[in-house]
Amino acid sequence: MEYQNVRLSLLSEMENMVEKDVGPYSSPLLKSSPQGQLVNSPTPFSLMTKSPLFGFLLLLLFVVIALAATPIPQQFKEAPQFYNSPDCPVIVDGDESDGEDSSILCSDQAVHVAMTLDTAYIRGSMAAILSVLQHSSCPQNIAFHFVASAKANASLLRSTISSSFPYLNFRVYSFDDASVSRLISTSIRSALDCPLNYARSYLANLLPLCVRRVVYLDSDLVLVDDIAKLAATPLGDNSVLAAPEHCNANFTAYFTPTFWSNPSLSLTFANRKPCYFNTGVMVIDLDRWRDGDYTTKIEEWMELQKRMRIYELGSLPPFLLVFAGNIVPVDHRWNQHGLGGDNFRGLCRDLHPGPVSLLHWSGKGKPWARLDANRPCPLDALWAPYDLLQTPFALDS
């Protein structure tokens with residue numbers, strides 16, 4: 001919008017200069033003489049030789065048009081620095097010569113958070129990071145593990161995070177899209193087919209072995225509570241992951257009639273009490289994941305999906321097939337999901353009854369897109385305070 005206004009202003013000024021020089025005319029090349037004869041009208045290039053100012057404005061107009069046609073990377077404000085409370089454990093980040101195990105990125109005392117990172121959702125990721133830090137009692141003890149596509153500009157993503165969070169403990173890991181692209185089947189929404197959406201299934205392979213437990217978070221959410229409470233969820237003796245369960249949801253709807261009509265497939269849940277859970281917020285024991293080789297188990301279901309369509313929704317159903325009925329349930333306050341509406345229209349939704357620790361805009365509608373379009377939902381106002389986007393041409397206050 002700003003480029004459009006500048007372009008119109010330049011065009012208006014140039015038209016005024018032309019009229020002062022040759023008078024108003026309808027054709028850019030011809031005008032009528034007093035005797036009614038058509039004569040050559042000055043071209044912009046002849047005016048450039050007569051008026052240096054006109055030439056400068058014309059050049060400036062070309063620059064503005066070029067800038068308007070070129071995508072500009074989003075710029076973000078620097079977030080405040082957050083400090084540990086006095087009772088937080090002190091984690092000493094060792095020298096590089098001490099090896100990786102001495103880093104906070106490997107410490108068992110740290111809260112490890114895993115997220116994916118890409119240019120499409122970077123604005124949401126920045127808001128999520130800020131919310132985690134702002135509500136943490138020990139923000140300096142949080143280690144972020146970001147997974148980015150191998151095709152992405154990792155240095156740009158890294159510098160974007162560092163510019164807004166200079167003191168953040170983080171590392172960016174490269175995810176090979178080809179490792180999962182061959183297994184992805186088309187789903188009901190194209191955004192769900194992005195290979196990076198499946199990276200959560202590969203965290204145990206991507207993160208160093210020293211990271212034994214991680215909280216996985218989607219990029220379209222904000223926390224309003226201390227993430228350490230979620231990270232401390234007991235996983236018992238055998239469970240691999242914990243997440244809020246929704247047993248009132250119609251579980252059968254997540255799989256096709258082809259799945260349920262096949263006796264060998266429908267028996268998958270025979271000895272379980274499966275419930276739907278959203279994979280955008282999970283506490284994962286990576287040691288147990290590795291020991292059970294759960295990445296392979298998920299891939300096997302994806303391979304079957306390529307041969308016969310047994311579900312419609314992206315990366316969620318394989319998680320349900322492997323884990324539903326065997327997870328540790330977490331209080332619903334830790335994933336007030338569905339605020340982005342459904343996968344088709346993204347209509348506004350209300351909060352579920354009960355307390356709130358995490359707001360999740362899962363679904364088609366994203367708060368930043370609706371705010372930019374001046375069509376926000378009421379709950380999008382709860383996301384806005386965490387938005388670090390620096391608007392173009394805004395003056396520093």
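Numbers here are sequence positions counted from 1. Since the structure is predicted, the reported quantities are computational estimates derived from the model, not experimental observations.
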A.B. asks: Are Phe170 and Phe165 close enough that their ring centers fall under 6.0 Å?
C.D. replies: no

A.B. asks: For Lys297, check salt bridge (charged side-chain N to carboxylate O under 4.0 Å, His left out) against everything at least two apart and list the hits.
C.D. replies: none

A.B. asks: Would you say that more than 12 heavy atoms from the other residues, nucleotides or ligands in this model lie under 6.0 Å from the CZ of Arg272, or not?
C.D. replies: yes

A.B. asks: Is the closest side-chain heavy-atom distance between Leu339 and His360 below 4.5 Å?
C.D. replies: no

A.B. asks: Mind checking whether Leu230 and Ser357 have side chains closer than 4.5 Å, heavy atoms only?
C.D. replies: no

A.B. asks: Does Leu130 reach the side chain of Met126, with side-chain heavy atoms less than 4.5 Å apart?
C.D. replies: no

A.B. asks: Does some side-chain heavy atom of Leu203 sit less than 4.5 Å from a side-chain heavy atom of His145?
C.D. replies: no

A.B. asks: Would you mind listing every disulfide bond (SG atoms under 2.5 Å apart) that reaches into residues 114-165, with sequence neighbours excluded?
C.D. replies: Cys88-Cys138

A.B. asks: Counting only pairs under 3.5 Å, give me each side-chain donor-acceptor contact of residues 78-86, with atom names and distances, residues two or more places apart or in other chains.
C.D. replies:
unit_1, atom_1, unit_2, atom_2, d
Gln81, OE1, Tyr83, OH, 2.8
Asn84, OD1, Gln140, N, 2.8
Asn84, ND2, Asn141, OD1, 3.1
Ser85, OG, Asp87, OD1, 2.7
Ser85, OG, Ser137, O, 3.1

A.B. asks: Specify the closest pair of heavy atoms between Arg213 and His112, including all atoms of both residues, with the distance to one decimal.
C.D. replies: O-CB, 3.5 Å

A.B. asks: According to a hydrophobic-cluster definition based on side-chain heavy atoms being under 4.5 Å apart (Ile, Leu, Val, Met, Phe, Trp, Tyr only), do Phe76 and Val172 belong together?
C.D. replies: yes

A.B. asks: Can you see whether Thr296 engages Asp293 through a side-chain donor-acceptor pair at a distance of less than 3.5 angstrom?
C.D. replies: yes

A.B. asks: Under 3.5 Å, side chain of Lys306 to main-chain N/O of Ile184, donor-acceptor pair present?
C.D. replies: yes

A.B. asks: Check Asp372 with Arg123, please: is the shortest side-chain N to carboxylate O separation under 4.0 Å?
C.D. replies: yes

A.B. asks: What residues, two or more places apart in sequence or in another chain, satisfy ring-ring contact (aromatic ring centres under 6.0 Å, His included) together with Trp368?
C.D. replies: Tyr121, Trp383

A.B. asks: Do Phe319 and Leu241 touch side chain to side chain, with heavy atoms closer than 4.5 Å?
C.D. replies: yes

A.B. asks: Carefully, step by step, assess Asn169 and Tyr167 under the rule side-chain hydrogen bond (donor to acceptor under 3.5 Å, both in side chains).
C.D. replies: CA-CA 7 Å; Asn169 304 305; Tyr167 306 98; over 6 Å; no

A.B. asks: Please name all residues satisfying ring-ring contact (aromatic ring centres under 6.0 Å, His included) with Phe259, sequence neighbours left out, ordered by chain then number.
C.D. replies: Phe255

A.B. asks: Are the aromatic ring centres of Tyr198 and Phe175 under 6.0 angstrom apart?
C.D. replies: no

A.B. asks: Hey, is the main chain of Lys77 close enough, under 3.5 Å, to the side chain of Ser164 for a donor-acceptor pair?
C.D. replies: yes

A.B. asks: Between the side chains of Asp291 and Arg288, is the shortest nitrogen-to-carboxylate-oxygen separation below 4.0 Å, so that they form an ion pair?
C.D. replies: no

A.B. asks: So do Leu321 and Phe269 actually touch side chain to side chain, heavy atoms under 4.5 Å?
C.D. replies: yes

A.B. asks: Would you say Asn153 and Ser155 are linked by a side-chain donor-acceptor pair, where the criterion is simply a distance under 3.5 Å?
C.D. replies: yes

A.B. asks: What pair of heavy atoms forms the shortest contact from Ile91 to Ala110, and how long is it?
C.D. replies: CD1-N, 3.7 Å

A.B. asks: What disulfide bond (SG atoms under 2.5 Å apart) pairs are there with at least one residue in residues 230-307, not counting sequence neighbours?
C.D. replies: Cys247-Cys275

A.B. asks: Are side-chain heavy atoms of Leu117 and Ile122 found at a separation under 4.5 Å?
C.D. replies: yes

A.B. asks: Indicate yes or no for a side-chain donor-acceptor contact from Asp380 to the backbone of Cys377 under 3.5 Å, with no hydrogens or angles considered.
C.D. replies: yes

A.B. asks: Check whether any side-chain heavy atom of Gln305 lies under 4.5 Å from a side-chain heavy atom of Ile310, and answer yes or no.
C.D. replies: yes

A.B. asks: Working to the nearest 0.5 angstrom, can you tell me the gap between Leu207 CG and Arg290 CZ?
C.D. replies: 7.0 Å

A.B. asks: Do you know the tightest heavy-atom contact between Asp225 and His135?
C.D. replies: O-CB, 3.5 Å

